[in-house]
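All chains are named by letter (A, B, ...) in the order of the sequence lines, taking the proteins before the strands, and each is independently numbered beginning at 1.
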Amino acid sequence: MSYRPDLPMIVQSDRTILLEAQHPQFEEARQAIAAFAELIKSPEYIHTYRITPLSLWNAAASGMKPEQVTGLLGAYSKYGVPPTIVRDIHETIGRYGLLRLIQSEGQLRLVSSDPLLLRELTSYKSVSALLDAGEDSLAPGTETAAVPVKAYARGLIKQELIRLGYPVQDLAGYHEGEDCPVSLRATTSSGRPLQLRAYQQEAIDAFYAAGTVMGGSGVLVLPCGAGKTVIGLGVLCQLQKATLILTTNTTSVRQWIAELRDKTDLDPSCIGEYSGERKEVRPVTVATYQILTYHPDADSEFPHMALFSERDWGLIIYDEVHLLPAPVFRVTSGIQATRRLGLTATLVREDGRQEDVFTLIGPKRYEMPWKVLEEQGWIAEATCKEIRLPFEGKWREAYALAGARQKYRIAAENPRKLAVVQKLLERHEHDQVLIIGQYVEQLEHMAKLLDIPVITGKVPERERELLYQRFKAGEINRLIVSKVANFAVDLPDANVAIQISGTFGSRQEEAQRLGRILRPKQKENAAHFYTLVTRDTREQDFAMNRQLFLIEQGYKYEVIEIESLD
DNA sequence: CAGGGGGGAA
DNA sequence: AGGTATCCCCCCTG
């Protein structure tokens, strides 16, 4: 391979990719590798990506071939693609589909075109424990080997095999579940015509096609504001089966129910709420994750998990699937014959359980990049700025002397942030501004000094709603919010967000906070996101990690260094 | 039945 | 690794 110094990328044999961020071809190269590589570092000149097995399998699940992956790498790489990487990519993608779960003659079977591999993997005790007795000779005359799998172990065996490095393609099919005739209305109850956007229909089709050919489960990844609920409703209307919808909190439960009433022709008596307050189990039931994970004491059962078997569900929708809690994973593992749809804006989890999402919900079936949605005008154009500021002397000292545990908090609560916020508020005098932070003390302090209303978990629901309304109406145009902003679905739209502190390195929180200002704007379709960071502290390190997902999506953070604040 | 407290979870 | 705030459950009170 010849040396092409004009190209923007270097592909290395340790599965990392170095991409020049200032290169004219940066943007197209970034888009090309986004489907199968994960961003791990993004300083100003060279971004580092890593090709992971899971990202390759997700790409494979959406139909990508190894030649396409290596082709894209080769097209932008100065030194070509190292032969070991080419082999590695072929081998890893080749693993997807090598093992399949199928159902034949009433028996669940693990099959492979590689008998030796099958023998090797089933010799692990953890795997053989999940097999039914007896060697299997499934299809005489073919090269395919098969072993019978215990019916209950459909999820467990997939989890175990992916741990051993082999994803399983699940083609064992689904039971249909109870019928539930439903379709989308032509117009919403307010009389507006209901027309799915092109990408929403594509996402539904991607899932439905998966349902007929590959097995109807998987994850749809769409940015905040892309209309994930509508897509969920679309899938429901496509399948027309009793459906359990799981989501993060009761506000969101109510939101789903409102949407079901507004946009489908379901009779209200067919829609149930299963929450702390009500325990309705109807053909379409909406519940929170938290009620499912409720158990009276540490080592007792989960009484509400029975919801999974209380009706013959034909579809389970996991809203915000990246937040799915561990006990729900366990139950989900046991219901692999039920169709499952995961919805999320950021497939990343900081706890590394994305393999479980891949295995137990299903592979990624569709992804809509944020920037594409922006180009189509469905979300506002956002500019991101990271403002780095120093400590003042006393705090600098406190930081230096503090133990590792307190360092982050001291940096996050740097009182100099106040003056910066003030400046930004002056600049955005006529804008709707949200100030978002994580430490209640810091927020309340700032609220007092700037005379801005503050919403934390302590503020009663009614008061919150009142403030939201006044903000929406434009009566007030500044609001300080704590982590309530992470959950509130009814938080009003703003066009400026100032982040003064956040949860360590959470990429998904950063994305969600940006999402708060992305609803398309009436006048100028622009939004501004600022994040305030104390320079040369742990906060700066965490800020870098927080930004990775959005940078991966093509957002750029302009760094503004503030030396002193006079 | 509204509202507050305790407890667990991610 | 590191940790705070939040949410939601259920139970209790009046």
* Given that A:Ala404 and A:Lys458 both sit by DNA chain C, which one's nearest nucleotide is further toward the 5' end? -> A:Ala404
* Using heavy atoms to find the nearest nucleotide of DNA chain B for A:Leu323 and A:Arg462 separately, return the residue whose nucleotide is more 5′. => A:Arg462
* Heavy atoms under 4.0 Å, any strand shown: does A:Tyr439 hit a base, just sugar-phosphate, or nothing? -> sugar-phosphate
* To do: Look at the side chain of A:Val484 and decide which nucleotide, out of C:dC7, B:dA10, C:dA5, has an atom nearest to it.
  => C:dC7
* With A:Ala226 via side-chain contact (heavy atoms from CB on, under 4.5 Å) - residues at least two apart -> A:Tyr199, A:Leu222, A:Pro223, A:Leu373
* Residues which pass salt bridge (Lys or Arg N to Asp or Glu O under 4.0 Å) with A:Arg311, listed by chain and number, not counting sequence neighbours -> A:Glu178
* Asked: Under the salt bridge (Lys or Arg N to Asp or Glu O under 4.0 Å) test, which residues partner A:Glu475, sequence neighbours left out?
  -> A:Arg470
* Reading nucleotides 9-14 of chain C 5' to 3', which nucleotides get B (base under 4.0 Å from a protein heavy atom), which S (sugar-phosphate only), which -? -> SS----
* Using side-chain contact (heavy atoms from CB on, under 4.5 Å) as the criterion, list what pairs up with A:Gln12, not counting sequence neighbours. => A:Ile10, A:Asp14, A:Thr16, A:Leu18
* Structure fact -> Looking only at C:dC7, B:dA10, C:dT4, the nucleotide nearest the A:Ala326 side chain is B:dA10
* Asked: Under the salt bridge (Lys or Arg N to Asp or Glu O under 4.0 Å) test, which residues partner A:Lys407, sequence neighbours left out?
  -> none
* Asked: Counting only non-hydrogen atoms, which of residues 442-452 of chain A are less than 4.0 Å from DNA chain B?
  -> none
* Considering residues at least two apart in sequence or located in another chain, which fulfil the side-chain contact (heavy atoms from CB on, under 4.5 Å) criterion with A:Arg478? -> A:Leu425, A:Val433, A:Ile452
* Taking the nucleotide of DNA chain C with the closest heavy atom to each, which residue, A:Gly403 or A:Arg464, is nearer the 5' end? -> A:Gly403
* Take the protein atom CD of A:Gln438 and the nucleotide atom P of B:dA10, then report the distance between them rounded to whole Å. => 18 Å
* Under the ring pair (Phe, Tyr, Trp, His ring centres under 6.0 Å) test, residues paired with A:Phe391 that sit two or more places apart -> A:Tyr399
* Which part of the nucleic acid, if any, lies within contact of A:Arg409, taking any heavy atom under 4.0 Å across all strands shown: a base, the sugar-phosphate backbone alone, or nothing? -> sugar-phosphate
* Asked: When you check the side-chain N and O atoms of A:Thr503 and A:Glu509, is any donor under 3.5 Å from an acceptor?
  -> yes
* Asked: Please give, in whole Å, the distance from C:dT4 P to A:Arg538 CZ?
  -> 14 Å
* May I have the distance from A:His322 (atom NE2) to B:dA9 (atom P), rounded to whole angstrom? => 20 Å
* Report the relative orientation of the aromatic rings in A:Phe504 and A:Phe542; use parallel for angles under 30°, tilted for 30 to 60°, perpendicular for over 60°. => perpendicular
* **Length of the line joining A:Leu292:CG and B:dA9:C1', which is rounded to integer Å** => 13 Å
* C:dT6 C1' sits how many Å from A:Glu509 CD, rounded? -> 12 Å
* Using atom CD of A:Glu441 as one end and atom P of C:dT6 as the other, report the distance to the nearest whole Å. => 12 Å
* To do: Under 4.0 Å between any heavy atoms, over every strand shown, what does A:Pro327 touch: base, sugar-phosphate, or nothing? Just pick one.
  => sugar-phosphate
